[in-house]
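Fair warning: this is a prediction, and the values are worked out from it, not measured in the lab.
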Amino acid sequence: MTEAGRQRVVDAPLASPAPAAGLIDVLGRRYLLKLLVRREISARYQGSFLGLVWSYINPLSQLFIYWFVFGYIIGRGNVERYAVHVFCGLVVVHFFTETFNAGTRSIVRNKALVRKMAMPKEMFPVASMLVSLYHVGPQVVILTIVCLFCGWAPDPVGVLAFVLAVAVIAVLGTALALMFSAANVFFRDFASAVTILTNFVRFGVPMLYPYTMVDDRFGRFAELYLLNPIADAVLLVQRAFWVGSTSDPERTAAEQIPDHLLLYGLGSLVGSLVLLLLAQLLFSRLENKIPERLS
């Protein structure tokens with residue numbers, strides 16, 4: 001046989017043409033991730049006259065409602081700047097619930113792309129988290145302006161607390177979205193169950209009530225309450241904004257904020273990262289069966 005007629009045989013296992021799954025692969029495809037986020041944001045405000053302005057109107061209206069209803073009709077009790085106290089919690093709760101709910105539905109909602117394109121399926125829950133993070137921006141802008149009118153000034157500990165809170169919710173929300181988005185492909189009931197579960201979130205964090213109420217009612221068992229990463233994130237945002245908006249920030253921090261809050265926040269972040277790793281392992285085991293169940 002001539003040299004030209006010879007065939008070269010490579011003794012190597014066959015590899016799938018699809019991209020390797022995993023969150024690392026998602027980070028390597030940032031351009032595609034950006035397109036998914038833009039697509040989601042554009043679809044949400046498509047046909048709207050005010051468009052992105054609604055992302056400011058909605059949180060501003062909620063701030064006004066809590067300020068008026070609880071400040072003048074019901075009464076805020078012994079919580080100074082109650083509207084700011086509640087709004088700090090709303091920033092965290094909305095970020096988490098929107099990430100969890102949208103992320104759970106993300107793969108089913110984008111089933112056409114999942115079936116046709118060779119891309120890591122983790123891309124869709126991650127994109128849902130980034131869209132939710134995008135909507136945190138207007139809320140923080142409004143919160144900052146209101147706090148500035150109340151005499152608030154940023155401090156290094158407060159900035160660190162806010163960044164830590166955002167990191168905790170971003171990681172925790174993504175981890176839960178990964179697990180439930182895969183489960184929702186097999187049983188659509190998971191999306192409805194997540195909607196019900198997120199209804200309880202705002203009552204399990206110190207948003208409508210101060211942390212001191214938990215401390216007074218449960219004593220030393222209040223430390224178990226701080227094992228909730230969402231509660232820690234709410235307290236961290238309150239430390240960043242609400243504490244500085246009160247008449248005596250040092251006294252408010254000493255009386256209303258638990259000791260070693262930053263350490264609890266770091267613990268929550270580590271725990272959320274571990275959960276994210278477990279979620280990735282579970283997602284990887286189910287990933288190959290997803291296109292089949294979507295067809």
Side-chain angles (χ1 to χ4, degrees), residues 23 26-27 30 33-34 37 40-41 52 55-56 58-60 62-63 84-103 106 122 125-148 152-178 198 201-202 204-207 211 226-245 253 257-258 260-277 279:
L23 292 171
V26 172
L27 296 177
R30 289 186 293 273
L33 183 61
K34 184 188 298 185
V37 172
E40 181 67 25
I41 294 173
L52 293 177
S55 61
Y56 289 88
N58 184 41
L60 188 61
Q62 292 187 60
L63 178 61
V84 176
H85 179 277
V86 173
F87 197 73
C88 287
L90 281 176
V91 171
V92 173
V93 170
H94 283 181
F95 183 22
F96 174 76
T97 56
E98 187 177 350
T99 298
F100 196 7
N101 279 306
S106 60
E122 293 91 341
V126 172
S128 296
M129 184 275 293
L130 293 176
V131 171
S132 303
L133 181 61
Y134 175 84
H135 288 108
V136 169
Q139 298 173 10
V140 173
V141 169
I142 292 172
L143 181 60
T144 301
I145 293 174
V146 172
C147 289
L148 286 172
W152 169 85
D155 65 282
V157 175
V159 172
L160 177 60
F162 177 74
V163 172
L164 185 56
V166 172
V168 168
I169 298 302
V171 175
L172 178 65
T174 303
L176 293 175
L178 270 178
T198 52
V201 171
R202 67 186 62 204
V205 299
M207 182 180 75
Y211 172 75
L226 295 175
L227 296 179
N228 177 3
I230 310 174
D232 293 339
V234 169
L235 286 165
L236 287 166
V237 176
Q238 289 173 349
R239 170 59 185 85
F241 290 96
W242 172 66
V243 168
S245 70
I257 301 298
H260 312 299
L261 178 59
L262 290 178
L263 290 179
Y264 279 108
L266 286 173
S268 294
L269 181 58
V270 172
S272 298
L273 287 170
V274 172
L275 182 63
L276 182 62
L277 176 60

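- No donor-acceptor distance shorter than 3.5 angstrom exists from the side chain of His94 to the backbone of Val136, with no hydrogens or angles considered.
- Looking at Trp152, its side chain never comes within 3.5 Å of a backbone N or O of Val243 through a donor-acceptor pair.
- In this structure, OG on Ser245 lies 10.5 Å from CG on Leu148, to the nearest 0.5 angstrom.
- Nearest heavy-atom pair across Val171 and Leu269 is CG2-CD1, 4.1 Å.
- Note: Leu235 CG to Leu262 CG = 11.0 Å, rounded to the nearest 0.5 Å.
- Note: Phe162 and Phe241 meet the aromatic proximity criterion, with ring centroids under 6.0 Å apart.
- The CZ atom of Phe100 sits 11.5 Å away from the OG1 atom of Thr174 when rounded to the nearest 0.5 Å.
- Minimum heavy-atom separation, Tyr211 to Pro258: CE2-CB, 3.6 Å.
- When the ring-ring contact (aromatic ring centres under 6.0 Å, His included) test is applied to Tyr264, no partner is found at least two apart in sequence or on another chain.
- Within the 3.5 Å criterion, the main-chain N or O of Pro206 finds a donor-acceptor partner in the side chain of Gln238.
- To the nearest 0.5 Å, atom CZ of residue Arg239 and atom CG of residue Leu261 are 8.5 Å apart.
- Taken to the nearest 0.5 Å, the OG atom of Ser268 stands 7.5 Å off from the CG atom of Asn228.
- Considering only heavy atoms from C-beta on, Leu90 comes within 4.5 Å of Met207 through its side chain.
- Taking 4.5 Å as the limit, every side-chain heavy atom of Val237 sits out of range of all side-chain heavy atoms of Val166.
- Looking at Leu27 and Leu33, their side chains never come closer than 4.5 Å, going by heavy atoms from C-beta outward.
- No side-chain heavy atom of Thr99 sits less than 4.5 Å from a side-chain heavy atom of Ser128.
- Smallest separation of non-hydrogen atoms from Leu236 and Gly265: CD1-CA, 4.1 Å.
- Contact check for Val92 versus Val205: no side-chain heavy atoms found under the 4.5 Å cut-off.
- In this structure, Val84 and Cys147 approach most closely via the heavy-atom pair CG1-SG, 3.7 Å.
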Could you check Thr198 against Val93 for side chain to side chain contact (heavy atoms under 4.5 Å, CB included), going step by step and ending with a plain yes or no? CA-CA 9 Å; Thr198 52; Val93 170; over 6 Å; no

Please evaluate residues Val131 and Ile41 with respect to the criterion side chain to side chain contact (heavy atoms under 4.5 Å, CB included), reporting the C-alpha separation (whole Å), side-chain torsions for both, the decisive distance (0.1 Å), and the verdict. CA-CA 7 Å; Val131 171; Ile41 294 173; 4.2 Å; yes

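- Within the 4.5 Å cutoff, side-chain heavy atoms of Ile145 are placed close to those of Val141.
- In this structure, CG on Leu176 lies 11.0 Å from CG on Asn101, to the nearest 0.5 angstrom.
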